[in-house]
Amino acid sequence: SQRLLARQAKTSSLSAALPGMLAALRDDDPPVRLNAAPLFYLPDPFPPEIARRLAGILGEDEPLSAALMGPLSTQAEKSAEVAGVLREALGGAGRAKAWIAMALWTTDMEAATRHLVAALDRGTPFVRAQAALAVTETLPKPAEVEAALVRRLRDTDFDARLAALRALANLRCPGAVIPDAALVLAADEPAAVRTAAAYCLGKVRDRRDEAVAPLLAAIGDADPQVRYAVVLALGWLDEHAAEAAPALAAIAAKPAEGSDLRQAAAVSLGRIQVWSDAVRDALFAMLADDDAWVRRQAADAVRSLTFYTPRILDAPGPVVDALRAVLAARPDGHDASSICDALGRFGPAAAPAEDVLRVQFEKEGYVRTAAAFALCSIHRDAAEPHPALAVLVEALAGDDRFRVTQFLRHLGPAAAPAVPALMRALEDAHAGAGAIQALGAVGPAAKGAVPALRRIAGGDGDPRVKELAAEALGKIEPR
């Protein structure tokens, strides 16, 4: 009968199905009630009276109330009338308010906030957990909601505690979370809770230095899931976690740690901006590994370090030799594109690898594009552009066009022949911002793009894109 109702509800027979759908929500059998709730995921807005009927059910049966949150929230986003009905219901009696606030959260955060905070602080354990889940995917969150989530880290209910940690980890949470999250990470908690605590510590937006010590203390956790989260979280703290470099390098260097954990360590090493003997040796060991994914993450880490750690560029010879050796020994590995990309970051210093790069340039797809970038980078100071630049210009129309704009940005003035193609990419939603950056890096030779960049800088678009356009204009027309 519920399958019949579902078919009716999603066709022109909604009016015929509604009485049965509403009756099923009042059935004596709990599974019948719960299975009826998804029937209200309808493609079109339903009448406000239906929203009023559903709001009247909220609070009577907690699992059913949770099941109705999705349909009501979806309808509130589709229909101002449904949202209005829910706002009116917030002024009514007690138990339903928390659930109505959850349903309204993504549509009218201002109206829902006070009631959600009350639900987080004073609801039943089930309500507290559901309230934390309701706010998990929304960014940013009001300060009072953040504070209520932090308080839930001391909740006696496992589900509420876990949901609050996940909600906080989903945003750059306040540094105030560090003491409680650190206690959870160090406590005898289930692995899922400790994992969420680690992710939470990695996402703090202030007092980031204070998050390093509790994460380092847990880097030897017995649970692989927790260790993986700790290693990634240290990388999210960027340069604030510089003191973690030796521990991360030790993990990256040991095959016994396993492929996934070593890859996570390489990702984090690429972010914390430290180039030391230990980091170098660990990444070289990964580049020589039999696992192509391990080699790929090591190459990506090297590439990232060239952006943030000039020291790696001071003595490029050993790094270039290590990268070249990978391409020479395994020319067909699926890490080849990452190796080519990393070599391109060293510019003319990557000349010893030109022979293996030419082999990759004869291939198809992204590896050819990455090899073209590396070859152009090696010859970026030549009087004439390298023939491989034509491949990058052509790739500006492909699926990897944003990354190609970053290649051209790195080439700087040597990418001048690509200016017309970059100008065409300015209106591309995916690659437009990268094209702006690349044009700025070209400098005065990109003066033909000035009118378009002025329109973007003075328009009403994304503030960050406007800022990039203004920066590019300053480089093209320096005062």
Side-chain angles (χ1 to χ4, degrees), residues 212 215-216 219-220 227-228 230-331 333 335-357 360 370 373-374 377-378 410:
V212 177
L215 286 168
L216 272 177
I219 204 166
R227 287 194 79 199
Y228 184 83
V230 167
V231 167
L232 279 184
L234 284 165
W236 294 340
L237 295 171
D238 298 325
E239 72 275 13
H240 299 276
E243 66 184 275
L248 293 170
I251 291 171
K254 294 179 185 174
E257 294 286 9
S259 176
D260 289 345
L261 191 63
R262 294 177 74 205
Q263 289 180 59
V267 170
S268 291
L269 285 170
R271 297 190 60 156
I272 63 175
Q273 304 176 26
V274 172
W275 183 248
S276 64
D277 290 349
V279 171
R280 179 200 62 210
D281 292 346
L283 293 178
F284 282 8
M286 292 182 72
L287 286 170
D289 199 89
D290 290 334
D291 186 330
W293 290 106
V294 169
R295 298 195 302 271
R296 183 172 185 167
Q297 290 298 349
D300 286 344
V302 169
R303 178 181 61 84
S304 296
L305 286 166
T306 62
F307 295 145
Y308 305 117
T309 315
R311 189 180 168 196
I312 193 175
L313 300 174
D314 293 341
V319 187
V320 169
D321 290 344
L323 293 168
R324 182 197 175 282
V326 178
L327 285 183
R330 299 180 174 90
D335 57 321
S337 60
S338 292
I339 304 291
C340 293
D341 188 341
L343 282 166
R345 307 297 163 172
F346 291 91
E354 185 166 358
D355 57 339
V356 293
L357 288 168
Q360 300 300 320
F373 159 62
S377 184
I378 289 170
H410 182 83

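Counting non-hydrogen atoms of other residues, nucleotides and ligands closer than 6.0 Å to OH of Tyr308 gives a total of 12 or fewer.
Nearest heavy atoms, Leu287 versus Val326: O-CG2, 3.2 Å. The nearest pair of heavy atoms linking Arg227 to Leu261 is NH1-CD2, 3.6 Å. Closest non-hydrogen pair, Ala282 versus Ala249, comes out as CB-O, 3.3 Å. Across every non-hydrogen atom of Ala299 and Ala342, the tightest pair is O-CB, 3.6 Å. Considering all non-hydrogen atoms of both residues, Tyr228 and Ala264 come closest at CE1-CB, 3.6 Å. Among all heavy-atom pairs drawn from Asp291 and Ser259, the shortest one is OD2-OG, 2.9 Å.
Within the 4.5 Å cutoff, the side chain of Leu215 has no heavy atoms near those of the Ile219 side chain. Under the 4.5 Å side-chain criterion, counting only non-hydrogen atoms from C-beta, Gln263 is in contact with Val294. Looking at Arg262 and Asp289, their side chains come closer than 4.5 Å, going by heavy atoms from C-beta outward. Within the 4.5 Å cutoff, no side-chain heavy atoms of Arg303 are placed close to those of Ser338. Counting heavy atoms from C-beta on, the side chains of Thr309 and Val274 never come closer than 4.5 Å. Within the 4.5 Å cutoff, no side-chain heavy atoms of Ile378 are placed close to those of Phe346. Residues Leu248 and Val231 meet the side-chain proximity criterion, which asks for heavy atoms closer than 4.5 Å. Side-chain contact between Ile339 and Val356: absent, with no pair of heavy atoms (C-beta onward) separated by less than 4.5 Å.
Without hydrogens or angle criteria, Arg280 side chain to Trp275 main chain gives no donor-acceptor distance under 3.5 Å. Side chain of Ser304 to backbone of Asp300: a donor-acceptor contact under 3.5 angstrom is found. With hydrogens and angles disregarded, no donor-acceptor distance shorter than 3.5 Å links the side chain of Ser268 to the backbone of Ala265. Between the side chain of Ser337 and the backbone N or O of Ala370, no donor-acceptor pair lies under 3.5 Å.
Atom CG of residue Asp321 and atom CZ of residue Arg324 lie 8.0 Å apart, to the nearest 0.5 angstrom.
Ionic pairing of Asp335 and Arg330 is not present here: no N-O contact between side-chain nitrogen and carboxylate oxygen is shorter than 4.0 angstrom. Between Asp238 and Arg271, at least one side-chain nitrogen of the basic residue sits less than 4.0 Å from a carboxylate oxygen of the acidic one, meeting the salt-bridge criterion.
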